A.B. asks: 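The structure follows.
As the structure is a prediction and not an experimental result, all values here were calculated from the model. By convention in this document, chain letters (A, B, ...) are assigned in the order of the sequence lines, proteins followed by strands, and residues within each chain are numbered from 1.
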Number of protein chains: 2
Amino acid sequence: MLRLSKLTDYAVVVMVRLGRGEAVQTSPCIAAATGVPEPTVAKVLKILAAAGLVASHRGARGGYRLVRPLDAVPIADIIAAIDGPIALTACVDGGTSCEAQGLCPMRGRWDPVNRAIEAALAGITLADMADPGLSFAAPVEAAALGPLALPLPALHVAE
Amino acid sequence: MLRLSKLTDYAVVVMVRLGRGEAVQTSPCIAAATGVPEPTVAKVLKILAAAGLVASHRGARGGYRLVRPLDAVPIADIIAAIDGPIALTACVDGGTSCEAQGLCPMRGRWDPVNRAIEAALAGITLADMADPGLSFAAPVEAAALGPLALPLPALHVAE
DNA sequence: GAAATCAGGACCGTTGCGGTCCCCTTATCC
DNA sequence: GGATAAGGGGACCGCAACGGTCCTGATTTC
């Protein structure tokens, strides 16, 4: 299905959530606000932090914050952080060389396809995915609602 | 990794192979020519036939042939035939409705991403992927080598 | 010093995919 | 008309990846 992983979807939700409300937010708080299970949120945030998409601060009053604003984060970065580099097949861009190097009739043939997809994903930012006319109007208020404000058990990734 | 399935890759190889040489080719013949295991080739061809991308002819002297020329088959069709419709997440285009219908903050937000990818994949045909100046030189000879002629266990999809 | 919070793994169950095999139907050829 | 060649449509199984959870340790604030 050319489907991306659930974690990637969660990552987008979490990042968008980080883009609103207070600058620094804890993972339990984000979990409560988004409806994503807390351990999963923590896992996603750790990955995003390792990728440099969010910055973390440990200790009491710690939490996560965005490094770049939403409109400066193409979803390609999210996908790459969670699912790894975008590569439809294994042997693109001189990656792990297939055993049939010279014989392989498809040698390098997938590259333009990959580039087309990368270009498509690089042109869409998280700001484009954050609902423009909704809930962005009251960022601080949404944060003030605190835990359990938005019960979104399965999100749209369900099934 | 936003990776497509191996079968899709095999399908491209098989389709390109069908685009050369004789009009009607049997699955064992294609398997021998491409190095893909025969049962797998048969499986791919059955799926492609069900999708209407190739036409089959049963009985002695039967086989498969292309319905459209390579330059009239966008790879999006291949991917859709093998991996199913292109849908990064489950709830696009009004598919299986997620439980958080109205609340879901990402409601419909993935749609433009899907469309961008679809557009990118629709613009590339199998003819673009068929290597223009390589290995096309000796198609029949390769077939004559018979099974095990091309030990390409993993192709470039490996890993 | 105590509490809060992130860091980094380890750990399993489930799912889907890759790959193979079987039997049946259909069409051609002798 | 029988033998043979070929596709049709499944069933089947092993494996790897993913989703999801939990635990222990390190770090910072109060």
Side-chain angles (χ1 to χ4, degrees), chain A residues 1-11 13-14 18 22 24-32 35-65 79 82-84 87-90 153-155 157-159, chain B residues 1-11 13-14 18 22 24-32 34-65 79 82-84 87 89-90 147 152-155 157-159:
Chain A
M1 306 85 179
L2 201 80
R3 181 155 302 178
L4 44 78
S5 67
K6 279 190 184 180
L7 283 194
T8 302
D9 192 18
Y10 289 149
V13 175
V14 167
L18 266 180
E22 302 175 9
V24 175
Q25 299 174 44
T26 69
S27 58
C29 173
I30 296 174
V36 180
E38 194 275 334
T40 301
V41 170
K43 187 176 193 172
V44 165
L45 282 170
K46 275 182 272 192
I47 298 173
L48 292 175
L53 289 169
V54 301
S56 63
H57 195 211
R58 305 223 275 196
R61 296 206 46 183
Y64 294 93
R65 65 177 173 80
I79 296 175
I82 304 289
D83 287 342
L88 293 183
T89 61
L155 285 172
V157 193
E159 196 61 13
Chain B
M1 306 87 179
L2 202 82
R3 182 156 300 177
L4 44 78
S5 67
K6 279 191 183 181
L7 284 193
T8 302
D9 191 18
Y10 290 149
V13 174
V14 166
L18 267 180
E22 305 174 9
V24 175
Q25 300 174 43
T26 69
S27 57
C29 172
I30 295 173
T34 59
V36 180
E38 196 273 334
T40 301
V41 170
K43 187 176 193 172
V44 166
L45 283 170
K46 274 183 271 192
I47 298 173
L48 293 175
L53 289 168
V54 302
S56 62
H57 196 209
R58 305 222 276 192
R61 293 207 47 182
Y64 294 92
R65 65 178 172 79
I79 296 174
I82 304 290
D83 287 341
T89 62
L152 309 178
L155 281 170
V157 191
E159 201 59 17

A.B. asks: Examine D:dG19: is either OP1 or OP2 under 4.0 Å from a nitrogen or oxygen in the side chain of A:S5? Give yes or no.
C.D. replies: yes
A.B. asks: Which pair of heavy atoms, one from A:I79 and one from A:L4, lies closest together, and at what distance?
C.D. replies: CD1-CD2, 4.0 Å
A.B. asks: Can you tell me the distance, in whole Å, between the CG atom of A:L45 and the C1' atom of C:dA7?
C.D. replies: 12 Å
A.B. asks: Rounded to the Å, how far apart are B:I30 CD1 and D:dA6 C1'?
C.D. replies: 12 Å
A.B. asks: Can you tell me how far P of D:dC23 sits from NZ of A:K43, to the nearest Å?
C.D. replies: 15 Å
A.B. asks: Touch check for B:L7, heavy atoms < 4.0 angstrom, all strands: base, sugar-phosphate only, or nothing?
C.D. replies: sugar-phosphate
A.B. asks: Once you round it to whole Å, what is the distance between P of D:dA17 and CD1 of A:I82?
C.D. replies: 18 Å
A.B. asks: Looking at CD1 of A:I82 and NZ of A:K43, how far apart are the two atoms once the value is rounded to the nearest 0.5 Å?
C.D. replies: 10.0 Å
A.B. asks: Within the pair A:K6 and D:dG20, is there a side-chain N or O less than 4.0 Å away from OP1 or OP2?
C.D. replies: yes
A.B. asks: Can you figure out which of D:dT21, D:dA6, C:dA7 approaches the side chain of A:P37 most closely?
C.D. replies: D:dT21
A.B. asks: What I'd like to find out is whether the side chain of A:L7 reaches to under 4.5 Å of the side chain of A:T40, using heavy atoms alone.
C.D. replies: yes
A.B. asks: What residue among B:I47, B:L18, B:V14, B:V44 forms side chain to side chain contact (heavy atoms under 4.5 Å, CB included) with B:V54?
C.D. replies: B:L18
A.B. asks: Give a yes/no answer on whether the side chain of A:R61 brings an N or O atom under 4.0 Å of OP1 or OP2 in C:dA4.
C.D. replies: no
A.B. asks: What are the two closest non-hydrogen atoms of A:D83 and A:S5, and how far apart are they?
C.D. replies: OD1-OG, 2.6 Å
A.B. asks: Below the 4.0 Å mark, does D:dC18 have OP1 or OP2 next to a side-chain nitrogen or oxygen of A:Y10?
C.D. replies: no
A.B. asks: Write down the distance between CD1 (B:I47) and C1' (D:dG7), rounded to a whole number of angstrom.
C.D. replies: 14 Å
A.B. asks: Report yes if a donor N or O on one partner sits less than 3.5 Å from an acceptor N or O on the other, where the partners are the side chain of B:K46 and the base of D:dG7; otherwise report no.
C.D. replies: no
A.B. asks: Counting only non-hydrogen atoms, which of residues 50-60 of chain B are less than 4.0 Å from DNA chain C?
C.D. replies: B:H57, B:R58, B:G59, B:A60
A.B. asks: D:dT21, OP1 or OP2 - any side-chain N/O from A:T40 closer than 4.0 Å?
C.D. replies: yes
A.B. asks: Could you tell me the separation between the CG atom of A:L4 and the C1' atom of D:dC18, rounded to a whole number of Å?
C.D. replies: 13 Å
A.B. asks: To the nearest Å, how far apart are A:L18 CG and C:dC6 C1'?
C.D. replies: 14 Å
A.B. asks: Counting only side-chain N and O atoms of B:S27, is one of them less than 4.0 Å from OP1 or OP2 of D:dA6?
C.D. replies: no
A.B. asks: In whole angstroms, how far is the C1' atom of C:dT5 from the CD atom of A:E38?
C.D. replies: 10 Å
A.B. asks: How long is the span from the CG atom in A:L45 to the CD1 atom in A:I30, to the nearest 0.5 Å?
C.D. replies: 5.0 Å
A.B. asks: So, for B:P37 and B:A31, which heavy atoms are closest and what is the spacing to 0.1 Å?
C.D. replies: C-CB, 4.3 Å
